[in-house]
Amino acid sequence: MSEKKKVHRAPSPHPILSKENLSIIIDTFLRKAKKPLIAIVGPTASGKTSLSIQIAKKWKGEIINADSRQFYKGMDIGTAKILPEEKQEVPHFLLDFLNPDEQCPVAVFKKLADKKIEEIHKRNHIPMLVGGTGLFVDAIRHNFCIPKIPPQPEWRKQKEGHTSEQLYKELTEKDPHAAKCIDKKNRIRILRALEVYDVSGGNKISDLQKKGEKKWDTLLIGVWQDPDALALAIKKRTENIWQSGFLQETQSLLEKGYTEETPAMIAHGYREAMQFLKGTLPEEEAKYQMMRNTRRYAKRQRTWWRREKKMYWVNPTI
RNA sequence: GGCCGGGUAGCUCAGUGGUAGAGCAGUGGACUGAAAAUCCACGUGUCGGCAGUUCAAUUCUGCCCCCGGCCA
């Protein structure tokens with residue numbers, strides 16, 4: 001009778017499909033699609049991996065990883081990468097192809113993934129894009145035209161001394177439209193827009209960023225768990241990671257000379273573990289921060305996918 | 001059983017005779033070559049319960065309940 005005070009939350013997606021209905025939808029989709037692509041997305045720890053294996057086995061799928069931290073060699077435990085025996089003969093691509101000091105930005109990923117998709121089609125199998133990195137999945141689905149201006153290390157170095165305010169002001173003058181779309185303090189995006197302008201000799205990033213004609217017929221499957229349930233899953237997974245040799249894995253990365261500054265180490269978990277190993281963060285605190293940062297990441301992923309109208313949602317726990 | 005502290009947002013706690021605020025947690029959102037990144041916005045809660053004083057009580061008083069500590 002007393003009204004419950006509730007945190008204002010966006011409603012859960014609906015409907016949530018049963019496994020049977022999902023099967024029907026996949027069958028129908030595959031019958032009609034000319035160049036099919038099944039994308040399985042959703043927050044971390046929601047159960048994408050095992051669902052992807054079930055689907056791959058039933059429909060001759062081959063899996064392309066779309067999880068940007070799983071590109072890296074030697075980062076298996078902390079990224080909850082699929083184990084060899086869990087693959088159950090299903091081919092996997094774009095896993096373990098980078099060293100931690102290398103990077104694979106969206107544009108590169110897109111090229112690699114598109115190529116893989118074509119190859120899989122040639123084998124008459126079904127390409128499946130599986131992973132949590134929303135931008136990367138969308139780049140493929142929507143066939144993003146990404147301005148062909150690679151990052152310019154020297155240019156960026158030059159800008160290091162500038163404050164974000166100065167950079168933003170510069171952008172307002174050069175590309176007012178872009179400036180309007182970017183937050184004043186979002187240095188990364190401001191820099192990118194400026195970089196495109198300067199290096200291309202005055203082209204505006206907003207003019208260059210387009211969606212091309214769709215290359216693939218995509219079926220979007222979203223894996224959903226309610227936030228509280230997911231928080232629990234994240235807790236369990238983190239405990240599990242911690243007990244499965246995560247510290248040794250991190251230690252060996254340190255021994256290879258990688259540090260918190262190494263590109264791959266923006267991954268949550270590894271940073272905290274490194275701080276613990278160096279003695280600057282107590283173990284409990286490191287673990288706590290890892291869980292918290294994972295939860296926050298999951299929330300951003302929810303936000304990313306929630307807006308999708310053409311999504312088929314499933315919940316693996318029911 | 002007696003004495004002393006406390007009970008205020010999910011947590012840790014400020015505070016006021018005119019129905020309240022900070023940190024953390026959390027929530028909503030943005031996202032095209034750094035994306036597990038980066039950035040923006042958001043604080044109504046029976047101020048433990050009941051009664052009394054008062055124009056007015058979360059604030060003062062009394063009783064009760066709960067949690068710590070000390071003494072028996």
Side-chain angles (χ1 to χ4, degrees), chain A residues 1-11 43-45 65-72 75 78-81 98 100-112 131-153 155-156 164 167-168 178 180-193 195-196 199-200 204-212 227-228 230-231 234 237-238 241 260-273 285 288-307:
Chain A
M1 47 191 296
S2 69
E3 274 120 90
K4 284 287 272 185
K5 17 142 194 195
K6 277 234 171 90
V7 204
H8 175 254
R9 267 186 184 157
T44 185
N65 166 53
D67 191 314
S68 72
R69 294 307 98 181
Q70 297 189 1
F71 296 166
Y72 292 101
M75 293 172 64
T79 62
K81 206 180 278 173
L98 291 181
D101 54 358
E102 297 173 313
Q103 276 174 296
C104 175
V106 225
V108 176
F109 172 80
K110 181 166 188 300
K111 221 170 279 173
L112 296 172
T133 309
L135 175 65
F136 287 25
V137 173
D138 279 354
I140 306 297
R141 297 166 56 218
H142 295 131
N143 195 16
F144 280 175
C145 302
I146 298 156
K148 288 193 174 50
I149 292 150
Q152 312 287 319
W155 183 93
R156 291 186 183 191
S164 298
L167 294 170
Y168 187 75
K180 235 167 50 188
C181 301
I182 300 174
D183 290 307
K184 293 183 284 296
K185 289 186 184 162
N186 199 334
R187 180 172 248 269
I188 289 177
R189 297 193 58 218
I190 295 169
L191 272 172
R192 177 60 187 161
E195 176 178 65
V196 167
V199 174
S200 72
K204 294 177 178 162
I205 192 168
S206 37
D207 294 335
L208 300 174
Q209 290 175 335
K210 294 234 166 64
K211 287 178 185 173
D228 293 337
L230 194 69
I234 287 170
R237 172 186 272 187
T238 306
I241 285 174
E260 287 164 65
E261 312 303 322
T262 305
M265 296 311 153
I266 57 171
H268 46 241
Y270 290 93
R271 272 186 159 172
E272 295 87 341
E285 183 63 17
Y288 168 79
Q289 285 187 17
M290 177 172 176
M291 285 183 201
R292 183 201 57 192
N293 292 339
T294 308
R295 261 183 268 130
R296 288 176 175 173
Y297 174 49
K299 184 178 119 36
R300 273 175 269 134
Q301 291 173 305
R302 245 177 261 138
T303 301
W304 185 284
W305 295 113
R306 191 146 43 205
R307 61 189 170 181

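Chain identifiers are assigned alphabetically (A, B, ...) following the order of the sequence lines, protein sequences preceding nucleic acid strands; residue numbering begins at 1 within each chain.
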Please classify the nucleic acid contact of A:Thr79 as base, sugar-phosphate, or nothing, using heavy-atom distances under 4.0 Å.
base
Check nucleotides 22-25 of chain B for protein N or O atoms closer than 3.5 Å to its own N or O atoms and list the pairs.
{"residue": "B:A25", "atom": "OP1", "partner": "A:Arg292", "partner atom": "NH1", "Å": "2.9"}
{"residue": "B:A25", "atom": "OP1", "partner": "A:Arg296", "partner atom": "NH2", "Å": "2.5"}
{"residue": "B:A25", "atom": "OP2", "partner": "A:Arg296", "partner atom": "NH2", "Å": "3.1"}
{"residue": "B:A25", "atom": "O3'", "partner": "A:Arg295", "partner atom": "NH1", "Å": "3.4"}

Students often get this wrong, so: under 4.0 angstrom with heavy atoms, is A:Ile146 touching a base, only sugar-phosphate, or nothing?
base
Residues passing the side-chain contact (heavy atoms from CB on, under 4.5 Å) test with A:Ile266, sequence neighbours excluded, are A:Arg69, A:Arg271
Indicate, with a heavy-atom threshold strictly under 4.0 Å, whether A:Phe136 touches base, sugar-phosphate, or nothing.
sugar-phosphate
Applying side-chain contact (heavy atoms from CB on, under 4.5 Å) to A:Lys299 and not counting sequence neighbours gives A:Arg302, A:Thr303
Which is true for A:Ala10 with a 4.0 Å heavy-atom rule: it touches a base, it touches only sugar-phosphate, or it touches nothing?
sugar-phosphate
For B:G28, does the base pair up with any side-chain atom of A:Lys299 as donor and acceptor (N or O, under 3.5 Å, distance only)?
yes
Touch class at under 4.0 angstrom, heavy-atom based, for A:Cys145 against every strand present
base
For a quick check of understanding: with a heavy-atom distance under 4.0 Å over all strands, which category does A:Pro263 fall into, base, sugar-phosphate or nothing?
nothing
Establish, with yes or no, whether the OP1 or OP2 oxygen of B:G26 is under 4.0 angstrom from a side-chain nitrogen or oxygen of A:Arg9.
no
Below 4.0 Å: OP1/OP2 of B:A34 and any side-chain N or O of A:Arg189
no
A:Glu285: side-chain contact (heavy atoms from CB on, under 4.5 Å) partners, not counting sequence neighbours:
A:Leu281, A:Pro282, A:Tyr288, A:Gln289
Stepwise side-chain contact (heavy atoms from CB on, under 4.5 Å) test for A:Arg192 and A:Ile149
CA-CA 10 Å; A:Arg192 177 60 187 161; A:Ile149 292 150; 4.1 Å; yes
Runs of at least three Watson-Crick or G-U pairs with RNA chain B, cut-off 3.5 Å
B:1-7 with B:65-71, B:10-13 with B:21-24, B:26-30 with B:38-42, B:48-52 with B:60-64
B:A35 phosphate, OP1 or OP2, under 4.0 Å from A:Gln301 side-chain N/O:
no
Ranking A:Lys148 and A:Met291 by the position along RNA chain B of their nearest nucleotide, the one closer to 5' is A:Met291
Describe the nucleic acid contact of A:Leu191 in one word from base, sugar-phosphate, nothing, applying a heavy-atom distance below 4.0 Å.
base
Heavy atoms under 4.0 Å, any strand shown: does A:Asp138 hit a base, just sugar-phosphate, or nothing?
nothing
Can you tell me if A:Thr303 touches the phosphate of B:G29, counting only side-chain N or O atoms and a distance under 4.0 Å to OP1 or OP2?
yes
Phosphate oxygens OP1/OP2 of B:G33: is one of them under 4.0 Å from a side-chain N or O of A:Arg192?
yes
More 5' along RNA chain B: A:Val196 or A:Arg69, using each one's nearest nucleotide?
A:Val196
Any side-chain N or O of A:Arg156 under 4.0 Å from OP1/OP2 of B:A34?
yes
Mind checking side-chain contact (heavy atoms from CB on, under 4.5 Å) for A:Arg237 and listing every partner two or more places apart, or none if nothing turns up?
A:Thr44, A:Ala45, A:Ala80, A:Ile241
Phosphate oxygens OP1/OP2 of B:C31: is one of them under 4.0 Å from a side-chain N or O of A:Arg307?
yes
Can you figure out which of B:G33, B:U38, B:G28 approaches the side chain of A:Ile188 most closely?
B:U38
Any side-chain heavy-atom pair of A:Lys110 and A:Asn143 under 4.5 Å:
yes
Mind checking if A:Gly78 touches a base, just sugar-phosphate, or nothing, with heavy atoms under 4.0 Å?
base
